[in-house]
Structure formats: structure tokens, C-alpha cells
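Right, one structure below, let's go through it.
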2 protein chains.
Amino acid sequence: MSPTPRRVSTSTAVLPADGRRQNLSLVLQTLRRLGPTSRAQLAREVGVTKVTMSDLVAELIGEGRVRDVGTAEQAGPGKPATLVDLDRSGLLTLAVDLSVPARLQAAVVDVTGAVLHREERAAAVDADEGRGLDPAVVVELVRSVLAVAPHPVLGIGIGTPGLVDPEGTVRTAPNLGWTDVALRALVAEATGLPVLVTNDSDAATQAELSATPGSQDLVLVQVGRGVGCGVVSGGRLVRGAHHAAGEIGHVTVGTDGGETCSCGRRGCLETWLSVPRLRAAADAGEDPASTESVVEVGGHRLAVALAPLVAALDLSEVVLAGPAALLEPVVPVVARSLADRLLPSLDTPLTVRLATSPEDIVLRGAAALVLWDRLGVV
Amino acid sequence: MSPTPRRVSTSTAVLPADGRRQNLSLVLQTLRRLGPTSRAQLAREVGVTKVTMSDLVAELIGEGRVRDVGTAEQAGPGKPATLVDLDRSGLLTLAVDLSVPARLQAAVVDVTGAVLHREERAAAVDADEGRGLDPAVVVELVRSVLAVAPHPVLGIGIGTPGLVDPEGTVRTAPNLGWTDVALRALVAEATGLPVLVTNDSDAATQAELSATPGSQDLVLVQVGRGVGCGVVSGGRLVRGAHHAAGEIGHVTVGTDGGETCSCGRRGCLETWLSVPRLRAAADAGEDPASTESVVEVGGHRLAVALAPLVAALDLSEVVLAGPAALLEPVVPVVARSLADRLLPSLDTPLTVRLATSPEDIVLRGAAALVLWDRLGVV
DNA sequence: GATCATTAGTTAGTACCCTTTACTAACCAA
DNA sequence: TTGGTTAGTAAAGGGTACTAACTAATGATC
């Protein structure tokens, strides 16, 4: 009766060529999802005719993005299918993780998220003494990895702490001692490649999103020296009015005071929960089950902060990322406190869990963002 | 260096006809934004050639959506423009507001949001006695207004309390005593028109969004018997994993207890802030400036709940909707408490304000949703 | 073993959408 | 009057995806 028309949100006109590119991206996404597939099957999945799909596939084969992988084993009557698949060796990206200054990383990542080659640098950053990270170190690291990359890479993705504007300029990054560093422009000029710069929490969230494609509404909380998060609503990563979405580390939590924070106020989320705090408690052999323990208090306060977010956005998942051993005992605390503070959901209940694979989560997310930007592949 | 390609998020193929429809919608949106405009100007705004724009406009004129409104006064050299504009009289919708059972409303609304004709019904609902609202009342009300509508209407938009699924079935609406009422199907069958059913807070948020098109990231908090909200992130209304986004009334606020709520738990947002509570305090002549006043406490608790949301989504506006006289003193309290609990923004600070025009906000929002669904006009 | 049904993929022709190019119409200014 | 500028239309062309009809290859059935 009211068939909601397929309509997109653009501010500019859609030309036939735009539709074509969209459909090409859709083919790549479908191949990534299904693996080797026949043209006929692809046509059914994407919703075009076999004729059009043959044409689309031919174009992608011509670009080297897709290749023929032989015929399928027979299953039922009819001509056996000739399968095509992503040319996975040709979809490499260079990913950079600046989230830990003492361990700057760059790596060649393939389309599955596997790290093929990695290099690291240690940078000594002391923001208090005005000694920030020299961007030239990043450029050198990128050049070094690029020199040994097996194929030309599709682009460069960089996950960095701090606030990043859409132009790829790092507006402020206290952890790196940066203010208004035009990182994208710098690396792009040095390499001549497309460069994407993103906040590290956003990159991690993108990695999680790629790993669990079913999730459309989740928050990923990254616990490190501080606390940041990435929010996915309706399958889209939230950017925010000032590109500062996810900055929850200095939100006051609770209505009963708290410790004084480095920002000068009291009761910030970071004063309740952080890796240094959890590690100190673990090293001291504190009992995590005790009601007053760091794990108990930190998980509870995180839930207090997340509850309004979960309710207002109707999220289905809360994901914790960071040192797995330290965070694992926090998960049930958060789950319990959230359940205490929210109306139970009618359908599937809220899931609270650790990130599926915390290793290299920023690197993989940065790579995924490049793939998405260049190919429309998630 | 990295020109992010125009790409849309669909799961199905984009055909040229889809692009055409998108472009037609874009013309209507642009006309709504600019008012009477020449074809040449439209072509520049939308990003197609004059030729294509003439064709698009001709099609819209043929459909009766757009009409010629004479030539412009001369301004500079060249042939004077022949202006076209939305045929505003032909873009009527029927909007229904079920948010207050004692005052069910239906109205004919034009494209500017003006209410042309209105009817009301009073329904006595007592959920505790199992006496819910008879959906036939809604159907009768719609029929009655439809009978006197000056033109055929584009569609019917209904704002209702409760949880609404994408099929237009009201899953649960305690205020109406409803469970699984297939409202869309009922009204559509009775009228033969396209029907859209939405949560009332979402409709209100849509109305606010239409009124202030610049805002892309905001939360609208509707305070009534309970508290609900609508969240807009990146210009899109958030739906949530279970179509239950915005249900913040029963989130526990604070870490220091609170009154017992109708839901059985303690410290829910609704126990701190609601219209009955504010009205009782106002009637009792309580001093709103007192630290312990209902206004002070309610505003503070709302800020406690909103702070993590504002930070995580990097919202730029918090809008309060409801009885203006009661809410007006709450605004500065919320603003102050939010500022206390958040890091100050680098750029434009957070705005806290009342809804631009609280009258008929649900009706206008429901109408806006119909326009959006049918025409792609915001 | 021949025929039929079924499925994969291609070829040929068609319809639609937007563009480029070229034109007319209408106005101002010198 | 002539030149310049802008609005709008006409005709032709290229890109995109469609339908219809075909070939190819296989299993099932008689």
C-alpha cells in the first residue's frame, strides 16, 4: 500500500554513471560476502539481469579487481557455472596505527584483514615538554613499508588518536602532541597515493563492523590510557557535528563525585576506568569479584555512561576493545549493570562482549576504510 | 588526492530509473528550499544541465506537483527567467496525532506545515482496566477529515505513542492500551491511500528537523506524562536495532537511588522529570530557582542522562518539546548541567533550547514524513 | 541412446536518461 | 543597430540496463 521508494540521501544529482559505480561496488561487496560465485548467482543477489551482470563482471575483470576461478562442481541439472571471485592478491592496502606512540605501526593488509608485512617505530612523545611526534617519522615509516609491498597498494589508511577533520588534518591529538597537523596532505604528497586519516576508535569500530557484518547498531568502547568509543547506528559510523563523536572519556559519570581528572573536573569516565587502573589492580592481586574492586567499579561506571546511549539509540551490542585479559572480567559487570538500568528489550537482549579479534584492530579498521572508500567494499 | 566518490548505501542495484526519481525529488526539495526558481537556476543547484532540468520540470508539471508562476523581474542582462514553484495547494497530507488519548487529532496539513482543517476526538483509555483505544475511532476520525479535505491528499501520516515496527504495526503502546495493532493496514484498507505510522517523538523530531534544516546532529526530548526522545545523527533520524530508539524514559539516572517508578525500578528519568511533576510544582508556587526545586532537579537529571549521548554522538543541539511555559525554566538548568559534565567543544558550543514551534509538532512531523516518503521532500 | 528440462552465459535489439552541441528568444548597454 | 548575456528548446550521441532469443552444457527421463 505504501511501498517506500528506494531513495538515497545525496545533495547532488544522480547520473547513470553514479548508478553504474554503485552497482560495481555492489558486485565487489557481494563477492566479498559470498566468495567465489557465478555470474548468474551474482545477478540474482544484486538484482540485475544476467546480461548486465556479465557486463559488470567483465569491467571488473578488466580492472584487475576480479578474476575467473574455474568452473563449479556440478550440482543439479544445467550448465555448470563459471565462478569469479575478488582478486584478493590485488586488493592490498597500507594501514598505519598511531594510537600507541611508543609503538607506531604500519603494515600491508590484504582484503581479508590479514597482515602481510609489518614495521614498527618507537617515538618518544612528551606533550608536557612540547615534544610532539615528528610527522616525518610517519612519512618515513610509510615509505619504508611501501618499498617492500608486494603489489601496488590501493591506498593508505591511517588511524590516529585525536580529532580528525574531513580533510584529514589532525586538529588536536594530545597523545601525539599535535595541533592542526595536515597528515593526509603530507603523506599523500610523499607517496602520490590516496590517503585516508581517521580517529583510531573509529577505525577499530570499522574493523569490528567488517568482522561482524550483521551488526547495524552497536557501540565499541576502546579502553586504553583513556576511554574512547565508536558508535554505529543503522550500519553507519557516527561522525558527529564537529567530527568529535566517540569522545566519552571526559564525560562526568554518576552523581556522587569521584576522583579529580587530568582535565581538572571530577568523576570523568577515565577516572573510573582505564588500562593503567585495571593493570595496577591486577598486579596488586586484587580480587575482581569484590564489590569495591577496580573491575567492579569501572564496569559499573561504564554501564552508567552507556545506558542512556543504548536506550536512546536502541543499540543491540556493546563491544569492549583493549587488552583482552584485563577487560574480560569487566564484561559481565557491564552486562549486569546495564540490565539493571534499562528496560529489558522485547526481542533479542543486549549483547555485551569483547571485540572479536583485538589484535591489530586499528590496522584492520584503517585498511577496511580504504577498501570502502576506494571500492565500496565493506 | 582522495576524492571520495559519491556513493550510496543500498543493498540493491541502482537502475537509471532510480536515479531519475532521485533527481525529481531533488528538484522538489530545492524548490521547497528556494521558493520560486527558474529552470536554469535549478539546473545549477541540482547539478544537471539545463536540458535535463527542463525535462524534469516538465515531468513534474505534468504530475501536478509543480507549476509555472510567471516571469521574474529583470535583474541584469539576458532573457528574464520563467519561474516555477511547488504547487503548494496540491501537496496536502492528512496528519494524525494519537499522543494524547483525551485529544486525538487529525488535520489536513499543507506543504508549509500549516493546518488547514482539524478535527478532534476524546477517547477514554484505561489500560489498567483493559479498556484500550478502539482503532475504529481512528479510522472514523480519518474518514471524517478526509471527507472535507479540499483536494485529494498525498497520503496519511500517523504519530502514535509506543513502539512501531516498519510495517506500521503498533507493537506496544501502554498509553493507548494497544498490543500488536496493525494500524497502517487498517487505515490503508479503509481509505485506499498510502499510510505511514511513526512514533510520536520521531514525528516531532522530524518536524523540528524540517523547521531548522541546518541541524544535522540533535536530540529532541519530548516531555509529557513520560519522557521520550528522537535522535538525529548526520541528518538522519535514528531508528535503532528494534525500532525502539528514543525510549529513554526508563533509564536509571544517577548513582544515588531515587523514587520508585511505575516500571518497578528506582531512579528512572521519568521519576525525575515529567509534566505532571513540573505542573504540580508550578501550581504549588514552588520557587524554581531553589536548588532543591523540581525544575532544578529535573533539568539536572535530564542533563545527566543526555551527557553521554551528546558526547558519544557529538551533538550540536538539545531541543526540549512539550508545554513551553513549564519547560522554559528547565532549559538553562539543562544547559548549565551539561556544560559541567562535558568537555567544552572546540567550535560552536552546544545549544539547548525549546522546540521552535511546539504547537501541532506531532501533526506537522507526521505530515513531513509523508511528504518525505512520497516525494523525497524534507 | 535420444530427447527433454534446466541452468549458465552471450548476442541483438530496445528504452531510458543524461550530455554535448547548436539553436532561438529576450533582455541590457553602448 | 549591434554586441553581449542569459533562459530555454531541439537534435544527436553515448552510456546503462532491459527483454527476447540464442548457444552451451548438464542431468533426468523415456
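Since we're looking at a predicted model, the values are computed, not measured. Quick note on labels: first sequence line is chain A, next is B, and so on, each numbered from 1.
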Side-chain N or O of [X] versus OP1/OP2 of [N]: is the shortest distance under 4.0 Å?
X: A:Arg20; N: D:dG15; result: no
X: B:Thr82; N: D:dG8; result: yes
X: A:Ser54; N: C:dG9; result: no
X: B:Asn23; N: C:dC18; result: yes

Is a side-chain donor-acceptor pair under 3.5 Å present for [Y] with [X]?
X: A:Ser357; Y: A:Arg364; answer: yes
X: A:Arg44; Y: A:Gln41; answer: yes
X: B:Glu45; Y: B:Thr30; answer: no

In this structure, how many angstroms lie between the [atom2] atom of [N] and the [atom1] atom of [X], rounded?
X: A:Gln22; N: D:dA17; atom1: CD; atom2: P; value: 11 Å
X: A:Leu56; N: C:dG9; atom1: CG; atom2: C1'; value: 14 Å
X: A:Lys79; N: C:dT7; atom1: NZ; atom2: P; value: 14 Å
X: B:Leu26; N: C:dC18; atom1: CG; atom2: C1'; value: 15 Å
X: A:Asp18; N: D:dA17; atom1: CG; atom2: C1'; value: 15 Å
X: B:Leu83; N: D:dG8; atom1: CG; atom2: C1'; value: 13 Å

Point to revise | B:Leu237 and B:Leu209, any side-chain heavy atoms less than 4.5 Å apart | key: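 Side chain of B:Leu209 against side chain of B:Leu237, heavy atoms only: no contact under 4.5 Å found.
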Point to revise | Nearest-nucleotide comparison on DNA chain C, the residue closer to the 5′ end among A:Pro16 and A:Gln41 | key: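 Closer to the 5' end of DNA chain C: A:Gln41.
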Check your understanding: Only one of B:Thr82, B:Thr52, B:Leu83, B:Leu56 forms a side-chain contact (heavy atoms from CB on, under 4.5 Å) with B:Arg39, so which one is it?
Key ->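 Output: one option passes, namely B:Thr82.
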Review point. Pick one: which of B:Leu28, B:Asp87, B:Leu86, B:Leu31 meets side-chain contact (heavy atoms from CB on, under 4.5 Å) with B:Leu60?
Key: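 By the side-chain contact (heavy atoms from CB on, under 4.5 Å) criterion, B:Leu60 pairs with just one of B:Leu28, B:Asp87, B:Leu86, B:Leu31: B:Leu28.
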Point to revise | Nearest to side-chain heavy atoms of B:Leu15, which nucleotide of C:dC27, D:dA7, D:dA17 | key: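 Of the options given, the side chain of B:Leu15 lies nearest D:dA17.
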Exercise for review: Give B:Asp55 one of three labels, base, sugar-phosphate or nothing, depending on what nucleic acid heavy atoms sit under 4.0 Å from its own.
Suggested key: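 Nothing, no nucleic acid heavy atom in range.
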Check your understanding: Is there a donor-acceptor pair closer than 3.5 Å between any side-chain N or O of A:Thr191 and the backbone N or O of A:Val187?
Key ->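 Yes, the answer is positive, given that a donor and an acceptor are paired below the 3.5 Å cut-off.
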Review point. Where along residues 45-52 of chain B does a heavy atom come under 4.0 Å from DNA chain D, residue by residue in number order?
Key: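 Within residues 45-52 of chain B, the residues near DNA chain D are B:Lys50, B:Val51.
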